Structures are given as structure tokens and as C-alpha cells.
K.L.:
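Below are the C-alpha cells for one structure; questions will follow.
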Amino acid sequence: MRHEQTYIVGVGITQFAKQLDTSVKELVRQAVSAALTDAGCSADALQGAYFATAGQGAIEGQYMVSGQIALGAMGITGIPVSNVENACASSSTALNAAHMFVASGAGDICLAVGVDKLFSTDKEKSFAVFDGAWDVHTAGEQMQALMQLAADVPPPAGYVEPGKRSVFMDIYASLARLHMKTFGTTQRQIAAVAAKNHVHSTRNPQAQFQYPLTIDEVMAARPVSWPLTLPMCAPISDGAAAAIICNQAGLLKLQATRAIRICATVLRSATERPADAYERHLCHLAANQAYEIAGVGPQDMSLAEVHDATAFAEVQQTEALGFCAFGDGGPMAESGATTLGGKIPINVSGGLLSRGHPIGATGLAQVYEMVTQLRGEAGARQVDNARFAIAENGGGFSGVEEAATSIIILGK
């Protein structure tokens with residue numbers, strides 16, 4: 001089936017931060033209004049919308065018609081609105097759906113928006129958001145199997161087990177220990193990722209954290225789940241991000257001059273595989289599929305935004321996206337190659353670790369960064385001569401990998 005070329009003509013984002021007094025409706029209004037203004041598009045021109053949230057049901061009880069409610073509050077009514085939930089990959093999934101909507105000719109101009117407010121006066125509600133992001137019927141068995149992956153890689157002597165944290169931090173920690181066992185990856189190399197992303201975020205005014213950290217400071221911070229310390233783990237956040245997507249007809253209607261091409265958007269789900277069969281990781285398979293669709297390769301990418309829910313996740317995704325061999329992600333991070341000005345800048349936005357992680361908005365926050373970079377409008381964090389950008393956004397967990405992943409490649 002042939003599809004039309006699609007474009008992103010407008011993007012918008014809110015501040016990512018603790019915003020207890022700002023409603024979901026207001027965050028959506030801010031992000032969508034910014035995207036419409038950026039596109040030179042009126043709300044009346046929208047022919048469809050895909051609305052992503054992962055946590056609003058658990059936090060607020062708005063389990064259904066969340067998009068119709070939030071968009072309706074700002075006067076966007078009548079058009080088809082589809083609600084999308086795909087864990088942390090929710091808003092990149094919304095973009096994929098919006099792309100298909102305009103590529104198929106169902107409409108010419110479409111909105112994708114993602115939002116979450118994860119801070120709550122009831123901390124138990126914040127933790128509960130993540131409890132459903134894997135098979136709730138077999139959670140105990142899954143955790144036991146995951147903890148056995150590298151049970152023979154114990155924490156250092158004197159390590160004190162910390163208090164309550166998201167179960168996903170324990171999962172990532174176990175996967176990190178397996179990587180350490182298999183390839184010799186070190187805690188310092190993982191810490192280099194967190195330090196880099198904190199430095200990057202000082203150049204991003206929308207970032208939740210805007211202070212630098214050194215590798216030594218990251219390693220000395222409060223432990224969460226060995227080898228991960230607090231700065232190696234993404235925070236919860238409140239925020240929204242949006243994009244306006246169109247086809248060629250929509251481009252002509254809007255007379256857009258700063259459009260960015262969607263070269264590929266691929267969704268993939270987990271399969272059963274051995275934990276150390278890294279070449280079969282769903283993100284690696286999805287990335288290869290996206291490169292083939294786009295007609296480019298990892299060597300053509302000017303920058304990448306990856307799902308660093310933990311610093312180890314960035315190490316793993318650096319390998320999965322083909323920027324280095326499996327096992328070389330740690331040394332690559334420590335070398336500075338993934339820093340702004342390096343061979344392949346990764347998470348110049350600060351990533352989830354430092355920009356923040358309102359899970360339903362994260363995928364479109366990555367898209368916001370890529371579009372801004374490819375337009376040459378990123379200011380102090382601009383990557384020189386950016387031509388192609390890739391984003392990896394994972395969601396949930398199944399077996400030994402993410403339950404869902406999105407790969408998006410954009411080009412000038």
C-alpha cells in the first residue's frame with residue numbers, strides 16, 4: 001500500500017516540572033496552542049486528533065474520553081478524537097496514528113498530543129501508575145525471573161538496600177547487572193550517561209532539572225537499586241507536548257515553510273527471547289525496520305533522543321540503534337561520543353533523566369526536540385548541520401524487554 005509523504009508542521013511543549021496547581025486541561029491547552037501557533041494553523045483546520053495519556057486514569061479517575069474532555073475544554077470539538085494508551089510510548093503511538101490518518105488521506109491535518117500529571121498529594125497514586133505496565137497476573141513470577149538474570153553480580157560490600165521505588169527501577173537494575181556481567185560494563189560508564197544528560201539539560205529551558213552533575217556526583221548520590229543511583233533514574237513529571245501532522249495537501253493549505261519530513265514511524269511489540277540475545281531486542285529490530293523504510297542508516301543520524309528511563313537504558317539503546325556494537329554502549333558514553341559536539345549527540349534535550357518524564361507526553365517531547373534541532377532553532381543546544389534525527393520510545397515491560405517500542409526518524 002502506498003502512502004503519501006507526511007510532515008510535522010508545528011510542535012509545542014510545556015514546562016516539565018512538579019505542577020500540582022496546573023490541570024491536565026491547562027497543560028493540554030498550552031501545548032496544543034503552541035503547536036497550532038507554530039504551524040500557523042487554526043484549530044478549525046484540524047480534521048482529527050489522537051490524545052495520549054498513561055496516568056490520568058490512575059491519578060484522576062478520568063479513565064475514559066480523556067481526549068474529548070481536555071480538547072473540548074479548549075474548543076476543539078466535533079472532529080474524531082481517539083484516545084491512545086501505550087504506557088511510556090503513548091504519545092509516540094499517537095503520532096504514528098496521526099501519520100497514518102493523513103498518509104491514508106482520511107484527512108489532511110491532524111493533531112497528536114500527549115499529557116500526564118504524575119505528581120499527586122497522594123504518593124501512592126503516583127506509584128500506582130506504573131503497576132499496570134506489565135502482566136499484573138504474573139507479576140511475582142516475572143520479577144523473580146528478572147532478578148535471577150544476574151543474581152551472581154552482587155552489590156558492593158556495605159551496600160544498604162534503599163526504601164520504596166518503582167518496580168521498573170529494579171528491572172532496569174537487573175538488566176544493567178546482566179550487561180555488566182556479559183560485557184564488562186561499569187557503574188561509572190552508566191553514571192557518565194546521567195552526568196551528560198544533566199549537563200545537556202542546562203541548555204533546555206523546558207527541562208525539569210537544569211543543573212549539571214559530574215560523574216562522581218552521580219555515583220555518590222542516594223542508591224535506588226544497584227548499580228543505579230537517584231540521578232540515573234528518570235523522575236516523574238507533569239507536562240504536555242503536541243505536534244501538528246499533515247500530508248502534501250495539508251502542507252499547501254497551511255503554506256508551511258518550516259515543515260519537517262516524517263521519514264519513518266515504526267511500532268513493535270515484545271517477543272519471547274533469551275535476555276542475552278541482544279540482537280533480537282525489539283528496539284533493534286524496529287530501528288532496522290525504520291532505517292530500511294527511511295532509506296538511511298545509523299551513520300546518517302545527526303542526533304538521537306532515546307528512552308533513558310534509567311541511564312542504563314540509554315547505554316542499551318545506543319547499541320540497539322546501531323551506533324556501536326552490542327557491549328560498547330558503556331565505553332561510548334564514557335568517551336564523550338554521545339555528548340553535544342560528539343560523534344552522535346544523544347538526549348541533547350536532557351532526556352527523561354533530566355528533561356523529565358510525564359510518561360504520556362514523553363514521545364512527543366522527543367519529537368519536539370528533533371523538530372527544533374532539524375529546523376536549526378535549538379539555540380545553545382543546537383547540533384551543527386542537523387539533517388536526520390531518530391527517537392526511540394519504549395513502554396511497559398514484557399518478558400525481558402519493553403512491551404512496546406516506537407522508532408521515529410525525521411528529516412529536513
Side-chain angles (χ1 to χ4, degrees), residues 53-59 61 63 85-90 93 116 118-120 122-156 159-182 185 187 190 222-230 232-236 268-278 280-283 307-313 315-317 320 352 357 359-360 362 393-405:
T53 185
Q56 191 183 2
I59 296 290
Y63 288 102
E85 187 277 299
N86 214 7
C88 301
S90 291
T93 303
D116 261 317
L118 298 180
F119 280 101
S120 171
D122 182 350
K123 289 187 178 180
E124 292 302 316
K125 283 189 175 181
S126 295
F127 277 113
V129 170
F130 299 91
D131 290 344
W134 62 345
D135 187 343
V136 299
H137 305 286
T138 61
E141 298 95 312
Q142 289 178 85
M143 180 55 75
Q144 185 176 11
L146 287 163
M147 291 304 101
Q148 291 302 310
L149 290 178
D152 54 348
V153 184
Y159 178 79
V160 178
E161 187 71 15
K164 187 170 183 178
R165 67 274 188 183
S166 164
V167 66
F168 286 93
M169 297 305 100
D170 287 331
I171 293 172
Y172 275 115
S174 183
L175 293 173
R177 293 193 295 271
L178 177 64
H179 206 269
M180 297 166 86
K181 173 183 175 180
T182 305
T185 305
Q187 187 189 36
I190 299 170
R222 177 173 70 82
V224 172
S225 186
W226 194 82
L228 305 175
T229 64
L230 187 61
M232 299 184 203
C233 303
I236 61 171
R268 198 173 183 106
S269 299
T271 59
E272 293 186 11
R273 65 170 176 88
D276 57 358
Y278 294 103
R280 289 165 53 189
H281 191 283
L282 83 163
C283 295
H307 193 85
D308 57 327
T310 67
F312 168 70
V315 170
Q316 181 170 261
Q317 300 306 338
L352 284 63
H357 185 29
I359 55 181
T362 288
N393 182 207
F397 213 79
S398 179
V400 295
E401 61 188 13
E402 296 87 342
T405 195

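Please read these numbers as outputs of a predicted model, since none were measured by experiment.
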K.L.:
At what distance, to the nearest 0.5 angstrom, does CD of Q142 lie from CE of M147?
P.N.:
11.0 Å

K.L.:
Just wondering, are more than 12 heavy atoms of other shown residues or ligands nearer than 6.0 Å to CD in E141?
P.N.:
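Yes, because the 6.0 Å sphere around CD of E141 holds more than 12 heavy atoms from other groups.
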
K.L.:
S90 and G360: which non-hydrogen atoms are nearest, and at how many Å?
P.N.:
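Reported closest heavy-atom pair: CB-CA, 4.3 Å.
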
K.L.:
With rounding to the nearest 0.5 angstrom, report the CZ to OG1 distance, R268 to T405.
P.N.:
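It is 10.0 Å, given to the nearest 0.5 Å.
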
K.L.:
Under the salt bridge (Lys or Arg N to Asp or Glu O under 4.0 Å) definition, can you give me all pairs with a residue in residues 166-176, not counting sequence neighbours?
P.N.:
R165-D170

K.L.:
Are side-chain heavy atoms of M232 and M169 found at a separation under 4.5 Å?
P.N.:
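Not in contact.
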
K.L.:
So does T271 get a backbone contact from the side chain of E401, meaning a donor-acceptor N/O pair under 3.5 Å?
P.N.:
yes

K.L.:
Side-chain donor-acceptor contacts of residues 172-181 below 3.5 Å, not counting sequence neighbours, with atom names and distances?
P.N.:
unit_1: S174; atom_1: OG; unit_2: L146; atom_2: O; d: 2.4
unit_1: R177; atom_1: NH1; unit_2: W226; atom_2: O; d: 2.5
unit_1: H179; atom_1: ND1; unit_2: T185; atom_2: OG1; d: 2.7
unit_1: H179; atom_1: NE2; unit_2: E319; atom_2: OE1; d: 3.0
unit_1: H179; atom_1: NE2; unit_2: E319; atom_2: OE2; d: 3.1
unit_1: K181; atom_1: NZ; unit_2: D152; atom_2: OD1; d: 3.3
unit_1: K181; atom_1: NZ; unit_2: D152; atom_2: OD2; d: 3.1

K.L.:
Looking only at non-hydrogen atoms, find the nearest pair between G394 and E402 and report the distance.
P.N.:
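So the minimum-distance heavy-atom pair works out to CA-CG, 4.2 Å.
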
K.L.:
Would you give me the side-chain donor-acceptor pairs under 3.5 Å for residues 126-137, sequence neighbours excluded?
P.N.:
unit_1: S126; atom_1: OG; unit_2: L118; atom_2: O; d: 2.5
unit_1: D135; atom_1: OD1; unit_2: H137; atom_2: N; d: 2.9
unit_1: D135; atom_1: OD2; unit_2: T138; atom_2: OG1; d: 3.3

K.L.:
So H281 and Q316, do their side chains get closer than 4.5 Å, heavy atoms only?
P.N.:
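Side-chain contact under 4.5 Å: yes.
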
K.L.:
How far apart are the C-alpha atoms of M143 and I171, what are their side-chain angles, what is the distance that settles it, and do they pass the side chain to side chain contact (heavy atoms under 4.5 Å, CB included) test?
P.N.:
CA-CA 8 Å; M143 180 55 75; I171 293 172; 4.0 Å; yes

K.L.:
Using modelled atom types only, decide if a donor and an acceptor are shared between the side chain of Q187 and the backbone of P227 within a distance under 3.5 Å.
P.N.:
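It does hold such a pair.
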
K.L.:
Taking L352's backbone N and O only, do any of them form a donor-acceptor pair with D308's side chain (distance below 3.5 Å, no angle check)?
P.N.:
yes

K.L.:
What's the separation between atom CG in D276 and atom OG1 in T182, rounded to the nearest 0.5 Å?
P.N.:
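Going from CG on D276 over to OG1 on T182, the span is 6.0 Å.
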
